[in-house]
Participant: 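Sending over a structure as structure tokens; questions will come in a sec.
Letters A, B, ... mirror the listed sequences (proteins, then strands); counts begin at 1.
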Amino acid sequence: MAAYDVNGTAVEHDEEGYITNLSDWTPELADVIAKAEEIEMDDERWAVVNFLREYYEEYQIAPAVRVLIKAIKKSMGPEVGNNKYMYELFPYGPAKQACKIAGLPKPTGCV
Amino acid sequence: MISTVYAVLFYVATVLLIVGTGMKVLKYARTPILLKIPVSPAPRTKRGVVLRMLREVLFFESLFKSNKWIWIFAYLFHYGMALVLLRHLRYFTDPVWWWVALIQPFGILAGFAMFAGLGGLMARRIFQPRIRYISNPSDYLMLALLMLIVFSGYSMKFLAHTDIIALKAYMLGLMRFQIGDLPTTLPLLVHLASVATLMIIFPISKLMHAPGLFFAPSRTMVDNARDKRFVSKWARNLPPLPEGIPTSEEG
Amino acid sequence: MAPLDKKADDDKFMDNPFVIPPLECGASLDTDTFKAYPEHNEALGFPGELLDNWKEVAIAKMGELAKRNRAFQVYLDTCVKCGACTDKCQYFLGTADPKNMPVARQDLLRSVYRRYYTFAGKYFPWLVGARDLTKEVLDEWYTYYHQCSQCRRCSVACPYGIDTAEISMAAREILDSVGVGQKYCNEIIAKLKKTGNNLGLNPKALAATLEDLEEDLEDETGVAVKIPLDVKGADILLITPSADFFAEPHIDGLLGYAKVFHSAGVSWTLSSYASEAANFGMFIGSYENMREVSWRIRQAAKDLGVKRIIFGECGHAWRVAYSFLNTLAGPFDFLDQNYPIPQHILEFTLDEIESGRLKIDKSRNDEFVMTYHDSCNVARGSAMGDKEGGQFDVPRAVIKAVCNNFHDMERDTIRENTFCCGGGGGLLTDDLMDLRIKGAKPRMTALKQVSDNHGVNKMAAICAICKTQFAKVMPKYGFEMDTIMSVHQLVANAVILDGQESDEAEEPTAEETP
């Protein structure tokens, strides 16, 4: 299986780039995944990633996009907390791409 | 000698056609249908299904909606052939039934329609890249065989005249298991041999589409799954599933 | 990782939705979908990995299916290669690969069936195009049977009703039975068996999500609209795709159902045990898995003691519900027989609208000029209402009741001739994005036509797959991702709840209050 290289340590991921062992996640890894996704991490993106991780910690699943946006709206204001902007931050979708960077499993189903 | 060979050929062909097709049809009928899978536009009643199938058989409705060229050629061919076959009843009936006598001239014309339809289908198979892509040798040969049947049939009328009276006597004889004398003109021998070939390959080829049409669940099922529970005989033997919710899984 | 859908960015519209491309052999040969891991396959009762004796097992399975399933048997025998279906598949129109022509897709399997199970194929293989089963053939099956969305558009066109979906389902079952499963479908079914839904949403997370949505509803309307979960003794059990708890615009549909139920004053509930309408067992052609997934709905209905079952907006789920549920999980003699079992949410909503119980302000949707995409499995594998064609007319009746502007797309792209969205049948996965974009081409072209000619700016659908697929694919064709809407999103916009704080001047609705 393929792996991300975080300062010389290999972190395994699946065919789509989601890490296979969720406890492997570190903030440094997030930067590496983001780079592979052609994304530069900034405060706004970190706010999303951190919220996803907190939510996952509590519920063992990623939040609905709407729930995510509402939370970001609360913490970062409506300019950031809206659907359109989320897709600017994560062009392949806040659900899938942001989850990948946050080290969460990929949401499956008709989503 | 030739009379006997052809007699045997026809007996064998007839048996194979009837038994072979009968066995296939029985197999279709006995194979369970697993689920309700009528395809739109699906009738809600049995009567609706009968009407739907009538429209399919009489007008080739689905084909008409999906491809006009194939429809024209297929229609000319199939209904031409139907008339031609009915016309041929005169060789097997004595006295000839009145309506068979009546359709004789139309039957002759219908042969041309049949040939034109076959020609059109053959041309599409050769020249239309999509259809050429999906064609196997047998697909061409089947059309060629049918065209040969028509061609040899017309040859008897227009090229090398055949003694039809003698032929009819031979055929009526065969039906009473008496082998008479078959006129041995080449077109007739070709005609009869190719017809026998068609009869023989019928049950082991795509010609089974004719009876198969009536066994396609997508067209023959009534769209009433909510009103009437349908369970296939295969599914009745499946192990039962638990009725309650397992507690370990309950949130 | 490079984005998966890069190569399709320059795809353009067709001149019309029916333009037939010149054949390009092998055009989508290397479009493959990820294979399932052993644990996914095993959870479904299949071998984890490719068996050593896969060839014998596959051939035997093929024979077994032909014996068990009349559709499969008859469809293998009766094709005359007339070619009427060759231009009907959206994946052929989109990819130009001749193996995506329905008959050619069937022939991938038919050729092998002939070799081992027919007289002609056994003794004259060259004559009838019969071929041996080899590893290459198996790979080819995997590739092209995962480029079929089982939408049945070709079956409508076929003079013998041959349904490629049946062949494709059988092919996938054969593949599964030798240990070659598709990751997308099998992972999801395995997840459903564990958590009750495709998403893997556990009851705690589901409850939290619903609470959050209730808050939104109250903020929006000022009315405490509930989205009940696991309420024993409720009248109605709502079974809806888990995407309705997660994705956009699906969630708006869910809010719509909640408003309709609230207005109707009925008691209803969701179930955390059967929190999924979708049934991917159908996609992989596995009767046993489909039955197991369906059975959860029966269990939940009994456990909660409901009287009715209603399904939310989900395309193939409605096919399984309408056409198969009674077979797979019936008889439902414990439910109220005065209502259809199961009922579609659109049937319920239309009843409410027609009876005048639902208060509607159509003008609230005036910014939208709507069209409607008939979801393939609803259109060709199910029905609604009690009249033939109800599956086409009921959704349109609801849309027209809540919207002033509606235009249908080109006739041969809707109703029983509708194109699949391009993501159905287990293809709604990122690894098939290229195929999904190409498969959506005819639909996107038809949408462009009504958009140009009638100013259509939104398209509604009643399928979770369609909604996700279009939200992803529309931007590739220059439409905003929110061009796709849930039908109940429109309903939600237009419905006026009793006691709702109106944002506009209230028309005389006072007569309604007793």
Side-chain angles (χ1 to χ4, degrees), chain B residues 24 27-28 31-37 39-44 48 56 60 62-63 65-67 70 74 121 124 128-131 133-139 141 204-206 208-209 212-213 215-219 223 225-226 229-232 234-235 238 241-245 249-251, chain C residues 23 67-71 73-74 77-84 86-88 98 101 103-104 107 118-120 126-129 152 155-163 202-204 230 272-273 287 291-292 295 299-300 302-303 322-324 326-327 330-331 340-341 379-380 383 388-389 416:
Chain B
K24 276 273 170 75
K27 182 167 86 172
Y28 294 161
T31 308
I33 298 177
L34 289 190
L35 292 160
K36 276 273 183 185
I37 58 166
V39 73
S40 285
R44 300 277 180 103
E56 286 296 343
F60 299 3
S62 302
L63 186 58
K65 286 180 183 166
S66 60
N67 192 310
I70 302 177
L121 292 174
R124 282 188 68 81
Q128 164 56 258
R130 296 196 312 281
I131 303 183
Y133 182 90
I134 56 168
S135 297
N136 296 126
S138 60
D139 298 314
L141 288 173
I204 53 167
S205 69
K206 66 176 187 178
M208 281 302 290
H209 68 277
L213 171 65
F215 292 92
S218 43
R219 289 276 161 73
D223 176 18
R226 282 197 294 193
R229 182 157 189 251
F230 170 88
V231 183
S232 83
W234 174 81
L238 291 173
L241 293 170
E243 278 292 346
I245 291 181
E249 276 191 84
E250 215 168 2
Chain C
L23 303 187
K67 263 209 189 90
R68 176 209 289 181
N69 182 353
R70 186 189 297 175
Q73 172 71 69
V74 171
D77 278 2
T78 53
C79 176
V80 299
K81 315 285 177 81
C82 75
T86 53
D87 57 349
K88 300 298 184 285
M101 300 189 297
V103 47
D107 272 356
T118 68
F119 176 85
W126 55 274
L127 198 61
V128 294
R152 312 180 92 202
S155 178
V156 171
C158 176
Y160 315 109
I162 297 174
D163 184 358
N202 58 62
K204 180 183 167 191
D230 293 329
S272 61
Y273 181 74
Y287 190 100
R291 176 170 174 249
E292 228 181 288
W295 196 263
Q299 289 172 300
K302 271 203 160 168
D303 183 62
Y322 175 90
S323 295
F324 306 159
N326 204 359
T327 300
I341 305 167
R380 288 183 284 262
E388 271 163 37
E416 74 270 18

Participant: Using only atom types and a distance under 3.5 Å, with no angle test, would you say the side chain of C:S323 pairs donor to acceptor with the backbone of B:I37?
Facilitator: no

Participant: Is the closest side-chain heavy-atom distance between B:E243 and C:W295 below 4.5 Å?
Facilitator: yes

Participant: For C:R380 and B:V39, indicate whether the former's side chain and the latter's backbone hold a donor-acceptor pair under 3.5 Å.
Facilitator: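 Judged by distance alone, no pair lies under 3.5 Å.
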
Participant: As an exercise: rank C:E416, C:K81, C:M101 by heavy-atom pairs under 4.5 Å with chain B and give me the winner.
Facilitator: C:K81

Participant: So for B:A42, is it side chain, backbone, both, or neither that comes closer than 4.5 Å to the heavy atoms of chain C?
Facilitator: backbone

Participant: Top residue by heavy-atom pair count (under 4.5 Å) with chain C, among B:S135, B:P43, B:A74?
Facilitator: B:P43

Participant: Quick one: does C:R152's side chain get under 4.5 Å of B:S218's, heavy atoms only?
Facilitator: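 The answer is yes, as the side chains (C-beta and beyond) meet within the 4.5 Å cut-off.
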
Participant: Which heavy atom of B:R44 sits nearest to which heavy atom of C:A383, and what is that distance?
Facilitator: NH2-CB, 3.1 Å

Participant: Dump the intermediate steps for side chain to side chain contact (heavy atoms under 4.5 Å, CB included) on C:V156 and B:K65, then the final yes or no.
Facilitator: CA-CA 9 Å; C:V156 171; B:K65 286 180 183 166; over 6 Å; no

Participant: Given the rule in the side chain to side chain contact (heavy atoms under 4.5 Å, CB included) test, do B:L35 and C:Y287 qualify, once you have shown the distances and angles that lead to the verdict?
Facilitator: CA-CA 9 Å; B:L35 292 160; C:Y287 190 100; 3.8 Å; yes

Participant: Looking at C:A71, C:P98, C:G389, which one has more heavy-atom pairs under 4.5 Å with chain B than the rest?
Facilitator: C:P98

Participant: Taking all non-hydrogen atoms of both residues, which atom of B:S66 and which atom of C:K88 are closest, and how far apart?
Facilitator: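 Here B:S66 and C:K88 meet closest at O-NZ, 3.0 Å.
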
Participant: Non-hydrogen atoms of chain B under 4.5 Å away: do they reach the side chain of C:K204, the backbone, both or neither?
Facilitator: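 Answer is neither: C:K204 stays 4.5 Å or more from chain B.
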
Participant: Using side-chain heavy atoms (C-beta onward) and a distance below 4.5 Å, is C:Q299 in contact with B:P242?
Facilitator: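 Yes. Closest side-chain heavy atoms under 4.5 Å.
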
Participant: Contact part of B:F60 toward chain C, heavy-atom cut-off under 4.5 Å: side chain, backbone, both or neither?
Facilitator: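 For B:F60, no heavy atom lies under 4.5 Å from chain C.
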
Participant: Quick check on the interface: out of B:I70, B:I204, B:L213, who has the most heavy-atom pairs with chain C under 4.5 Å?
Facilitator: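 Most heavy-atom pairs within the cutoff with chain C belong to B:I70.
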
Participant: Report yes or no: does B:R229 contribute a side-chain atom to a donor-acceptor pair with the main-chain N or O of C:T327 at less than 3.5 Å?
Facilitator: yes

Participant: Distance check, rounded to the nearest 0.5 Å: C:F119 atom CZ versus B:S205 atom OG?
Facilitator: 12.0 Å

Participant: Can you give me the closest heavy-atom contact between C:A300 and B:I245, atom names plus distance?
Facilitator: CA-CD1, 4.1 Å

Participant: Less than 4.5 Å to any heavy atom of chain B: does that hold for the side chain of C:D87, its backbone, both, or neither?
Facilitator: both

Participant: Just wondering, do C:V128 and B:N136 contact through their side chains at under 4.5 Å, heavy atoms?
Facilitator: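 With C-beta onward as the side chain, the pair stays apart.
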
Participant: Side chain, backbone, both or neither: which part of C:A84 has an atom under 4.5 Å from a heavy atom of chain B?
Facilitator: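 Contact with chain B is through both the backbone and side chain of C:A84.
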
Participant: What is the distance from atom OG1 of C:T78 to atom CZ of B:F215, rounded to the nearest 0.5 Å?
Facilitator: 11.5 Å

Participant: Are C:N326 and B:K36 close enough that some pair of their side-chain heavy atoms sits under 4.5 Å apart?
Facilitator: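 Result no, sub-4.5 Å side-chain heavy-atom pair not found.
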
Participant: Please lay out, stage by stage, how B:D223 and C:Y322 fare under the test side-chain hydrogen bond (donor to acceptor under 3.5 Å, both in side chains).
Facilitator: CA-CA 10 Å; B:D223 176 18; C:Y322 175 90; 2.9 Å; yes

Participant: Using a cut-off of under 4.5 Å on heavy-atom pairs, state which of C:K67, C:E292, C:Q73, C:R291 scores highest against chain B.
Facilitator: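 Between C:K67, C:E292, C:Q73, C:R291, the count favours C:R291.
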
Participant: A side-chain contact here means heavy atoms from C-beta on lying under 4.5 Å apart; do C:L127 and B:L141 qualify?
Facilitator: yes

Participant: Enter the distance from C:C158:SG to B:R219:CZ here, rounded to the nearest 0.5 Å.
Facilitator: 6.5 Å

Participant: Go through the atoms of C:C82 and report whether side chain, backbone, both or neither lie under 4.5 Å from a heavy atom of chain B.
Facilitator: both

Participant: How many angstroms lie between atom OG1 of C:T118 and atom CE of B:M208, to the nearest 0.5 angstrom?
Facilitator: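 These two atoms lie 12.5 Å from each other.
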
Participant: C:D77 versus chain B, heavy atoms under 4.5 Å apart: side chain, backbone, both or neither?
Facilitator: both

Participant: Using a 4.5 angstrom heavy-atom cutoff, name the option from C:G83, C:P331, C:A104 with the most pairs to chain B.
Facilitator: C:P331

Participant: Give, for atom NE2 of B:H209 and atom SG of C:C79, the distance between the pair rounded to the nearest 0.5 Å.
Facilitator: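 Separation between the atoms: 10.5 Å.
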
